[in-house]
Peer 1: 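Got a structure for you, questions after.
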There are 2 protein chains.
Amino acid sequence: MTAHEFDLLDRTWSDITPPAARRMLVAAAAAFAGRGYHATTTRDIAAQAGMSPAAVYIHYRSKEDLLFQISRIGHTASLDVLTSAATSAATPATTPAAGSAASLTSPEPDPAARMAAAVSAFASWHAEHHTTARVVQYELNALTPEHFAEVVVLRRRIEDTVRRMIEDGVAAGVFHVLDARGATLAVLSLCIDVARWYQPGGRRSPADIGALYADLVLRMLGT
Amino acid sequence: MTAHEFDLLDRTWSDITPPAARRMLVAAAAAFAGRGYHATTTRDIAAQAGMSPAAVYIHYRSKEDLLFQISRIGHTASLDVLTSAATSAATPATTPAAGSAASLTSPEPDPAARMAAAVSAFASWHAEHHTTARVVQYELNALTPEHFAEVVVLRRRIEDTVRRMIEDGVAAGVFHVLDARGATLAVLSLCIDVARWYQPGGRRSPADIGALYADLVLRMLGT
DNA sequence: GTCTATATCTTGATAGAC
DNA sequence: GTCTATCAAGATATAGAC
């Protein structure tokens, strides 16, 4: 893990206190993403956080609790990124300095611009935060049933947000798809799977991926 | 696991002999897909195959060897499905009864029809064989470096197959994409991720998913 | 809050009888 | 080829000193 990657990971958890608890979450997220939840030991996590094996249980009830916190915070962060992008793109008038032609001629929400912004932000989040995203997307079945139920609520909100954007676009005559639920599935799937294949040293930056996917999704939606 | 699912899983491994070795692979694939490689014990596998814990080591060198066989055979099967679909769609003249207008007027390979057939087959394979596919796609980092290298060869062939289909379509003026590698990434990603979200009792059958995705991909490629 | 030491259990894999 | 029995290592989590 490079220093830059570590910074990014750490920034995601900047609200967590005390520092020892935060260091543990950061270490756990990196280990769970790299080797998987079950392949990671509490000793690994403690060692990476610079503490003894027993120190884990000062701040967390169990190894699974550590996973749940990462999953809960990660799901919330990705939902925030998605809704923020969709909202700010829908109301360009609220950003005074951005006096583009579009904001002057079209103060109404533009479904295509909103979708492009949402997909770009959501896809690039899964690249930029691929460590957290992998835990979020691929360790769901290691959660207890109660904890799983809690993150499913957040996942449904993410899905609903995308589905409504598509349905709005269809209603406005901007998108042309017969199966809005199917398109929702595909859009989300495309963005989420970025967490699987993205590699930091690769050909494309997170921003590149966001731009590429925004374009491909608008084509898929028949704009 | 329903009886139908078990049949499908078993058919994938019908070449494996003796029967005890096959039962073990089937049990391992189901367990690895359901709980993950590291969460599965050799005792789980043996019990599901109706044998003692020690019986695993009669037919396989280690737990990882079991994973490797599943991964190798699964990768090969998905590559075969992809190339078969692309090949048979490219030469409709070889299927005499299918006297469609397209095959009469255009004996040349049709990039769009070929891509549609390939995506439909590859995506629906990941649904139909989601158990195997999950092991193939999500347990790569549990393989030894040597075994990992071996499946990477197969993965590259899958990627090359799709990239060439897209490049051929662009050259023929049928597809309109600026970034062929980016489009390849997205097409493969979309199909592979089916293994993650697909559920047998869900709204869409594997065939439905194949048809939906073939359509969405052709739109993405600007036909 | 953090440590050392350890209890308790489960794991992958092997030995040797049949 | 398959079993029973078992080893040696490593797992999560806790106890109790500081």
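Numbers restart at 1 for each chain; the letters A, B, ... are given by sequence-line order, proteins then strands. Below, each value reflects all heavy atoms present in this structure, side chains not excepted, and no hydrogens, waters or symmetry copies. Note that the structure is predicted; figures quoted are calculated from it, not measured.
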Peer 1: Using whole Å, what does the distance between atom C1' of nucleotide C:dT10 and atom NE2 of A:His38 come to?
Peer 2: 14 Å
Peer 1: Is it true that the side chains of A:Gln69 and A:Asp65 contain a donor and an acceptor less than 3.5 Å apart?
Peer 2: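 Yes.
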Peer 1: Nearest whole Å is fine: how far is D:dG1 C1' from B:Arg22 CZ?
Peer 2: 16 Å
Peer 1: Within the 4.0 Å heavy-atom criterion, would you say B:Ala54 contacts the bases, only the backbone, or no part of the nucleic acid?
Peer 2: base
Peer 1: Rounded to the nearest Å, what distance is computed from the OH atom of residue A:Tyr60 to the P atom of nucleotide C:dT2?
Peer 2: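 Nearest whole value for this atom pair: 12 Å.
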Peer 1: Look at the rings of B:Phe68 and B:His147 and say which category their plane angle falls in: under 30° parallel, 30 to 60° tilted, over 60° perpendicular.
Peer 2: parallel
Peer 1: Measuring to OP1 and OP2 of C:dT2, would you say a side-chain N or O of A:His59 lies under 4.0 angstrom away?
Peer 2: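 Indeed, a polar side-chain atom of A:His59 lies that close.
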Peer 1: Would you mind telling me which of C:dA13, D:dC3, D:dA13 lies closest to the side-chain atoms of A:Tyr57?
Peer 2: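 Per side-chain heavy atoms of A:Tyr57, the pick is D:dA13.
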Peer 1: When you measure from the side-chain N and O atoms of A:Ser52 to the phosphate of C:dT4, is any distance below 4.0 Å, counting only OP1 and OP2?
Peer 2: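 The answer is no; no side-chain N or O of A:Ser52 sits under 4.0 Å from OP1 or OP2.
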Peer 1: If you check every side-chain atom of B:Met51, which of D:dT2, C:dT2, C:dG12 has the closest atom?
Peer 2: D:dT2
Peer 1: Please determine whether a side-chain nitrogen of the Lys or Arg among A:Arg155 and A:Glu159 lies less than 4.0 Å from a carboxylate oxygen of the Asp or Glu.
Peer 2: no
Peer 1: When we call it a touch if two heavy atoms are under 4.0 Å apart, what does B:Thr41 touch: a base, just sugar-phosphate, or nothing?
Peer 2: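 The answer is sugar-phosphate, as B:Thr41 gets under 4.0 Å only of primed atoms, P, OP1 or OP2.
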Peer 1: So if I apply the side-chain hydrogen bond (donor to acceptor under 3.5 Å, both in side chains) rule between A:Gln137 and each of A:His130, A:Arg196, A:His126, which one comes out positive?
Peer 2: A:His126
Peer 1: Please give, in whole Å, the distance from C:dA13 C1' to B:Arg43 CZ?
Peer 2: 9 Å
Peer 1: Nearest whole angstrom, please: distance from the C1' of D:dT2 to the CE of B:Met24.
Peer 2: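 Atom-to-atom, B:Met24 to D:dT2, this comes out as 10 Å.
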Peer 1: Rounded to the Å, how far apart are A:Ile58 CD1 and C:dG1 P?
Peer 2: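 Checked: the CD1 to P distance equals 8 Å.
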Peer 1: Which residue, A:Leu185, A:Ile192, A:Leu188, forms the side-chain contact (heavy atoms from CB on, under 4.5 Å) with B:Trp197?
Peer 2: A:Leu185
Peer 1: Calculate the interatomic distance between A:Lys63 atom NZ and C:dT10 atom C1'; express it in whole Å.
Peer 2: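 About 13 Å, once rounded to whole Å.
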Peer 1: In whole angstroms, how far is the C1' atom of D:dG10 from the CZ atom of A:Arg35?
Peer 2: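 Going from CZ in A:Arg35 over to C1' in D:dG10 covers 14 Å.
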